Amino acid sequence: MFGRLGCVERARQIFDAIADRDSFSWGIMLSIYARSGDLSNAKGVFDRMPRWSLGSWTALLSAFALSGHHEEAKTLFDTMQERDLIAWTIMLTVLATFSNIEDAKYHFDQMPERDLVAWTAMLAANAERGQMENARETFDQMPERNLFSWTSLLSAYGRSGDVKAAGRVFDSMPEWNLVAWTAMLTGYSLSGDVVRAKRAFDSMPERDLIAWTAMLSAYAFNGHLRYTREIFQRMPERDLISWATMVAALVENDLLEESKELFDRMPRHCALSKGMTPNRVTFITLLDACSFLGALAEGRKIHAAVAERGFDTDLVVSNALVNFYGRCGALGDAKIVFDGMRRRDVISWSSMISAFAQRGRVDEAMELYHRMLSEGTLPDDIIFISVLFACSNSGVVEASGDFFRSIVGDTQVEPTLEHYACMVDVLGRAGKLRDAEDLLRLMPFHPGPLLYMTMLSACKLYTDVERGEAAAEVVFELDPENSSPYITLANIYSAAKRPKDAARIRKLMEERGIKKKPGCSWIEVLDRVHEFIAGDKMHPQRDEIYAEIQRLGRQMKEAGYFQDTKVVLQDVEEDEKENLLWYHSEKLAIAFGLISTPPGAPLRIVKNLRVCSDCHAATKVISKVTGREILVRDTNRFHHFQNGMCSCNDYW
DNA sequence: CTAGGGTTAG
């Protein structure tokens, strides 16, 4: 009884209390462990059993299968003396999950008999890999059908984007249950029809957690953040998936601060250990969340769980790992995962290349790109952006021009607006403002506000007032809520020693009610992500943090550091400006990192804005006087500070 | 042991 309720502990207590255990009670205990995916206990029971029946072998097989030990499952299956239908079917699902469709089909054809469960598993295996014709054929060939097979086909059509076919299946079904309704809801959602999705949700005779989550994700997927929030609030219960969906929706909308808060409240540890069996998608989702938040220690734990569950051979999971380590600045780890992959697709290469690109290591990025070509993987439009970005971060104008031309000359890929945007960025940051301007004017796309913002940032680097003014005007008009053009233009005026104009722009920004996005930084210390907002006094250790900043300040001044108050936008006195600078979120995070980690430990910071020039100069000095490595990820790239220098060579 | 919610690169 307790086993069926999921109370494994209680079941074990009762089992231990039984005086004369027969093979029946041993078998029950074994299957309870097997079903909960607890391999080591299942093995323990199996080894201690007085004798083994066919059922106990099958239970052990399912323990291997559920815990992701697919190699061991295969070996066990091959050595089994006799196999019942269930063992064959378990093995089929293992192959369907961890191997290719050919292996699964071969196994299916070998089966002495096939019941509905096996047929449905085969249908799902085809659908999972996008083989809709085969899935349909399997369905048509099935000797009989139940709700499982109908729903499997319905959801396959929904996921393949054919909502009309899904609707036809739904209408032909003999009966509907919650599962069918939810599959239909998702089908509508994926086709962009939230109205029909909501109608399905309202028509359901009852709603469970999964139905609620499907509705949540329907709103999130179609960009309705307000309704997404509302559903999340109204849900009667939530699990790992609903939390992760909400976190992803916030990340999608650039609400990093809020998503981080939610991420910390997410009950992920319990979800990984009990309650639900994590599958490949669980790991991908969690790794993705960690990667955005720079939660390295947290992600490492997930990596360990991935390996333990046997998902480290999965292509997509490995890609997510490379991407996670890359985004956390752990290049070495990213490379280890990448090198260990049996198979790589264009996404694997792209993840690795952009890891190098973000560190400004253009040589390695280029080398990888050429290795990818020689290994026969075709490039796509996205990988070009990564490579161009690497060029842009290292200031290699010539190489990027050649590379850009090779897109048109050597590949099947049509250059997109994004490719032109990268080129404008490369030229602008290298100081070739006229060339950047020409490209902007002559390119075969209509440039959006983002491109003019790129242009404007380049003008700031080279204090080009005239071009800067022109670019800013465009952004003011095309993206009226954005504070960046105001701030950048004001900074250009300040640098050009035109304080009155700078003040005029600041006033304009105020009059138009445009708010500057507050600077925000995170640092992970002892598995927890700590957040700091510029000037914030909310942290429980604020006194120690502020004292550390004072102490650091004295040390830094001795080392020759002086502040660049030009970057302060507020209209305040000079010494007040100095104060504001000392409490930028990045410096608060660094100070906190310094007092909460052992001497010599590297610090990893994630920012929601780009590094400001004063923080950049200050962090260089801090790395020298404290002897710490400091890694800062801003919205654009990584800065790796070490011994008074930064990996970007002050080019960013 | 089979069906519904999440899915990796800019």
Side-chain angles (χ1 to χ4, degrees), chain A residues 34-35 58-59 61-62 65-66 84-94 96 115-125 127 142 145-156 158-159 173 177-187 189 204 208-218 220-221 239-249 278-289 291 314-324 326-327 345-355 357-358 380-390 416 418-419 421-422:
Chain A
R35 246 182 293 152
T58 307
L61 179 67
S62 86
L66 271 175
D84 56 8
L85 179 58
I86 294 184
W88 275 98
T89 313
I90 292 173
M91 201 53 227
L92 175 64
T93 63
V94 169
D115 65 1
L116 243 176
V117 178
W119 277 98
T120 309
M122 213 46 226
L123 196 173
M142 291 171 79
R145 290 165 196 138
N146 62 6
L147 251 175
F148 280 78
S149 23
W150 280 101
T151 322
S152 195
L153 185 69
L154 161 61
S155 100
R159 270 178 293 154
M173 288 174 74
N177 62 1
L178 239 181
V179 183
W181 275 107
T182 312
M184 201 58 235
L185 191 171
T186 302
S189 160
M204 293 180 180
D208 64 358
L209 171 62
I210 295 181
W212 277 96
T213 312
M215 196 61 236
L216 178 78
S217 129
F221 180 77
D239 69 357
L240 174 81
I241 297 179
S242 22
W243 282 88
T245 305
M246 194 63 227
V247 169
N279 59 20
R280 54 199 294 280
V281 187
T282 314
F283 291 121
I284 296 164
T285 309
L286 286 175
L287 285 169
D288 197 41
S291 83
D314 184 288
L315 176 67
V316 183
V317 175
S318 302
N319 286 349
L321 275 168
V322 172
N323 186 35
F324 155 72
R327 280 204 192 127
D345 64 2
V346 66
I347 296 184
S348 332
W349 292 96
S350 189
S351 301
M352 200 59 233
I353 288 175
S354 51
Q358 295 200 331
D380 65 3
D381 55 327
I382 293 175
I383 202 158
F384 290 129
I385 297 171
S386 305
V387 179
L388 284 171
F389 187 62
T416 65
E418 278 77 25
H419 298 130
C422 287

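Order of the sequence lines fixes the chain letters, A, B, ..., with proteins taken first and strands second; residue numbering starts at 1 for each chain. All heavy atoms count here, side chains included; hydrogens, waters and symmetry mates do not. Owing to the predicted nature of the structure, the values given are computational and were not obtained by experimental measurement.
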Asks: Roughly, in whole Å, what's the span from CE in A:M352 to C1' in B:dT8?
Replies: 15 Å
Asks: At under 4.0 Å between heavy atoms, what does A:D380 touch on the DNA or RNA strands: base, sugar-phosphate, or nothing?
Replies: base
Asks: Using whole Å, report how far CH2 of A:W212 lies from P of B:dG6.
Replies: 17 Å
Asks: With respect to the phosphate group of B:dG10, does any side-chain polar atom (N or O) of A:R327 fall under 4.0 Å of OP1 or OP2?
Replies: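 So the side-chain polar atoms of A:R327 do come within 4.0 Å of the phosphate oxygens OP1 or OP2 of B:dG10, strictly under.
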Asks: Please report the distance, rounded to the nearest Å, between CD1 in A:I241 and P in B:dT7.
Replies: 10 Å
Asks: Which listed nucleotide (B:dT2, B:dA3, B:dT8) is nearest to the side chain of A:A121?
Replies: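 Nearest nucleotide to the side chain: B:dT2.
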Asks: Measuring from the side chain of A:V117 (C-beta onward, heavy atoms only), which nucleotide among B:dG5, B:dG6, B:dC1 has the closest atom?
Replies: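 Output: B:dC1.
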Asks: Choose from B:dA9, B:dG6, B:dG4 the nucleotide whose nearest atom is closest to any side-chain atom of A:D208.
Replies: B:dG4
Asks: What nucleotide, of B:dA3, B:dG10, B:dG4, holds the atom closest to the side chain of A:S354?
Replies: B:dG10
Asks: From the set B:dT8, B:dC1, B:dG10, return the single nucleotide nearest to any side-chain atom of A:T89.
Replies: B:dC1
Asks: For A:T151, enumerate each residue passing the side chain to side chain donor-acceptor pair (under 3.5 Å) test, keeping only those at least two apart in sequence or located in another chain.
Replies: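 A:T151 satisfies side chain to side chain donor-acceptor pair (under 3.5 Å) with no other residue.
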Asks: With a 4.0 Å limit, can you tell me whether A:N323 has a side-chain N or O closer than that to the phosphate oxygens OP1/OP2 of B:dA9?
Replies: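 For B:dA9, OP1 or OP2 has a side-chain N or O of A:N323 closer than 4.0 Å.
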Asks: Atom CG of A:L66 to atom C1' of B:dC1: distance rounded to whole Å?
Replies: 9 Å
Asks: Would you please confirm or rule out a distance under 4.0 Å between OP1 or OP2 of B:dT8 and any side-chain N or O of A:R280?
Replies: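 No.
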Asks: What residues, two or more places apart in sequence or in another chain, satisfy side chain to side chain donor-acceptor pair (under 3.5 Å) together with A:S354?
Replies: none
Asks: So, does the side chain of A:D381 form a donor-acceptor pair with the base of B:dG10 at under 3.5 Å?
Replies: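 Between B:dG10 and A:D381, which were checked side chain against base, a qualifying N/O pair under 3.5 Å is absent.
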Asks: To the nearest angstrom, how far is A:I353 atom CD1 from B:dT8 atom P?
Replies: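 Rounding to the nearest Å, CD1 of A:I353 and P of B:dT8 are 19 Å apart.
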Asks: Which part of the nucleic acid does A:I382 contact within heavy-atom distance under 4.0 Å: base, sugar-phosphate only, or nothing?
Replies: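 Counting heavy atoms under 4.0 Å across all strands, the contact made by A:I382 includes a base.
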Asks: How close or far is atom C1' of B:dT2 from atom CH2 of A:W88, stated in whole angstroms?
Replies: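 Value for this atom pair: 18 Å.
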Asks: Where the side chain of A:D239 is defined as all heavy atoms beyond and including C-beta, which of B:dG5, B:dT8, B:dG6 is the nearest nucleotide?
Replies: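 Among B:dG5, B:dT8, B:dG6, the one nearest the side chain of A:D239 is B:dG5.
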Asks: Determine whether any donor atom in the side chain of A:N177 lies under 3.5 Å from an acceptor atom in the base of B:dA3, or the reverse, and answer yes or no.
Replies: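 Such a pair is found, so the answer is yes.
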Asks: How would you label the contact of A:L321 with the nucleic acid (heavy atoms, under 4.0 Å): base, sugar-phosphate, or nothing?
Replies: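 Result for A:L321 = nothing.
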Asks: Checking all strands, does A:S351 fall into the base, sugar-phosphate, or nothing category for heavy-atom contacts under 4.0 angstrom?
Replies: sugar-phosphate
Asks: Just compare B:dG6, B:dA9, B:dA3 and give me whichever is closest to any side-chain atom of A:V179.
Replies: B:dA3
Asks: I want to verify a distance call: between B:dT7, B:dA3, B:dG5, whose nearest atom is closest to the A:T213 side chain?
Replies: B:dG5
Asks: When you check the phosphate oxygens OP1 and OP2 of B:dG5, does a side-chain N or O of A:T182 lie under 4.0 Å from one of them?
Replies: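 No, no such contact exists.
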Asks: With a 3.5 Å cut-off and heavy atoms only, can you find an N or O donor on one side and an acceptor on the other between the side chain of A:T282 and the base of B:dG6?
Replies: yes
Asks: Using whole Å, what does the distance between atom C1' of nucleotide B:dT2 and atom CG of A:L154 come to?
Replies: 15 Å
Asks: Any side-chain N or O of A:S217 under 4.0 Å from OP1/OP2 of B:dG6?
Replies: yes
Asks: Looking at every strand, decide which applies to A:L209 at a 4.0 Å heavy-atom threshold: base, sugar-phosphate, or nothing.
Replies: base
Asks: Quick check for you: among B:dA3, B:dG4, B:dT7, whose closest atom lies nearest to any side-chain atom of A:F148?
Replies: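 It is B:dA3.
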